[in-house]
Amino acid sequence: QVQLVESGGGLVEAGGSLRLSCAASGRIFINYAMGWFRQAPGKEREFVAAIRWNSITVYADSAKGRFTVSRDNAKNTVYLQMDNLKVEDTAVYYCAAAPRLPYTMANSYDYWGQGTQVTVSS
């Protein structure tokens, strides 16, 4: 019933920026944390960032200082601002909704979007 739709991915040069959006629809639980994961070819899905309903955030070490997660509850939308992108950031990025801890673990999330491709060129 719940749908999460990512957008904003694309091709960008190293050092550039992208802003990903995740729009939620259906029966939304506002108290759910919202997270971002990514998966590169041949690699396991990797935690990137998460934000709780009260805007407390957590980041993977690879994202700290470069990525910013935020949410607009009125719009049922979560964002991932990605700055200073690196080639190794290339992956499919997924947003997800979690009712439980830990937010760094994929199994905590009940709903997932379809993903949006981010490709960073050198």
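Numbering of residues begins at 1 and proceeds along the displayed sequence.
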For Arg38, does its backbone N or O pair with a side-chain atom of Glu46 as donor and acceptor, under 3.5 Å?
no
I'd like to know whether Tyr93 forms a side-chain contact (heavy atoms from CB on, under 4.5 Å) with Glu6, so could you lay out the CA-CA distance, the side-chain angles of the two residues, the decisive distance to 0.1 Å, and finally the verdict.
CA-CA 8 Å; Tyr93 283 71; Glu6 303 95 335; over 6 Å; no
If you define the side chain from C-beta out and look only at heavy atoms, does anything of Trp36 sit under 4.5 Å from Cys22?
yes
Between Ala97 and Leu4, the two heavy atoms sitting closest are N-CD1, 3.8 Å
Under a single-linkage definition using a 4.5 Å side-chain heavy-atom cutoff for Ile, Leu, Val, Met, Phe, Trp and Tyr, are Tyr59 and Val48 assigned to the same hydrophobic cluster?
yes
Distance col, row Arg66:CZ vs Ser17:OG, nearest 0.5 angstrom, shows 10.0 Å
With a cut-off of under 6.0 Å to the ring centre and 45° to the axis, is Arg52 in cation-pi contact with Tyr103?
no
Should the heavy atoms of other residues, nucleotides or ligands under 6.0 Å from CG of Asn107 be counted, would the total exceed 12?
no
Does the side chain of Asp72 pick up a donor-acceptor pair with the side chain of Thr77 at under 3.5 Å?
no
Answer yes or no: are there more than 12 heavy-atom neighbours, outside Glu88 itself, under 6.0 Å from its atom CD?
yes
Against the six-membered ring of Tyr79, is Arg19 placed for a cation-pi contact (under 6.0 Å from the centre, within 45° of the normal)?
yes
Walk me through whether Met82 and Asp89 qualify under side-chain contact (heavy atoms from CB on, under 4.5 Å).
CA-CA 9 Å; Met82 303 187 294; Asp89 294 319; 6.0 Å; no
Quick check: closest heavy atoms across Tyr109 and Ala50, and the distance to 0.1 Å?
OH-CB, 3.6 Å
Partner of Ile51 by side chain to side chain contact (heavy atoms under 4.5 Å, CB included), out of Leu80, Ile56, Val78:
Val78
Are Val92 and Val12 connected into the same hydrophobic cluster when the rule is that any two of I, L, V, M, F, W, Y join if their side-chain heavy atoms are below 4.5 Å apart?
no
Tightest non-hydrogen contact, residues Ala14 and Ser122, listed as CB-CA, 4.5 Å
Return the minimal non-hydrogen interatomic distance between Leu18 and Gly8, and the atom names on each side.
CD2-O, 3.8 Å
Is Leu20 reachable from Val69 through a run of I, L, V, M, F, W or Y residues, each pair having side-chain heavy atoms under 4.5 Å apart?
yes
Would a distance-only check, ignoring hydrogens and angles, find a side-chain to backbone donor-acceptor pair under 3.5 Å from Ser108 to Pro102?
yes
Taken to the nearest 0.5 Å, the spacing of Arg71 CZ from Asn54 CG works out to 9.0 Å
For Val120, is there any backbone N or O sitting under 3.5 Å from a side-chain donor or acceptor partner on Thr90?
yes
Could you report the tightest heavy-atom contact between Thr116 and Gly9, atom names first, then the distance?
OG1-N, 3.2 Å
Honestly curious: do Phe67 and Val118 fall in one hydrophobic cluster under the side-chain, below-4.5 Å linking rule?
yes
Joint cluster assignment, Val2 & Met34, ILVMFWY side-chain distance < 4.5 Å:
yes
How close do Arg45 and Phe37 get, heavy atom to heavy atom, and via which atoms?
CG-CB, 3.7 Å
Please determine if Lys64 and Asp61 form a salt bridge, counting it only when a charged side-chain N lies under 4.0 Å from a carboxylate O.
yes
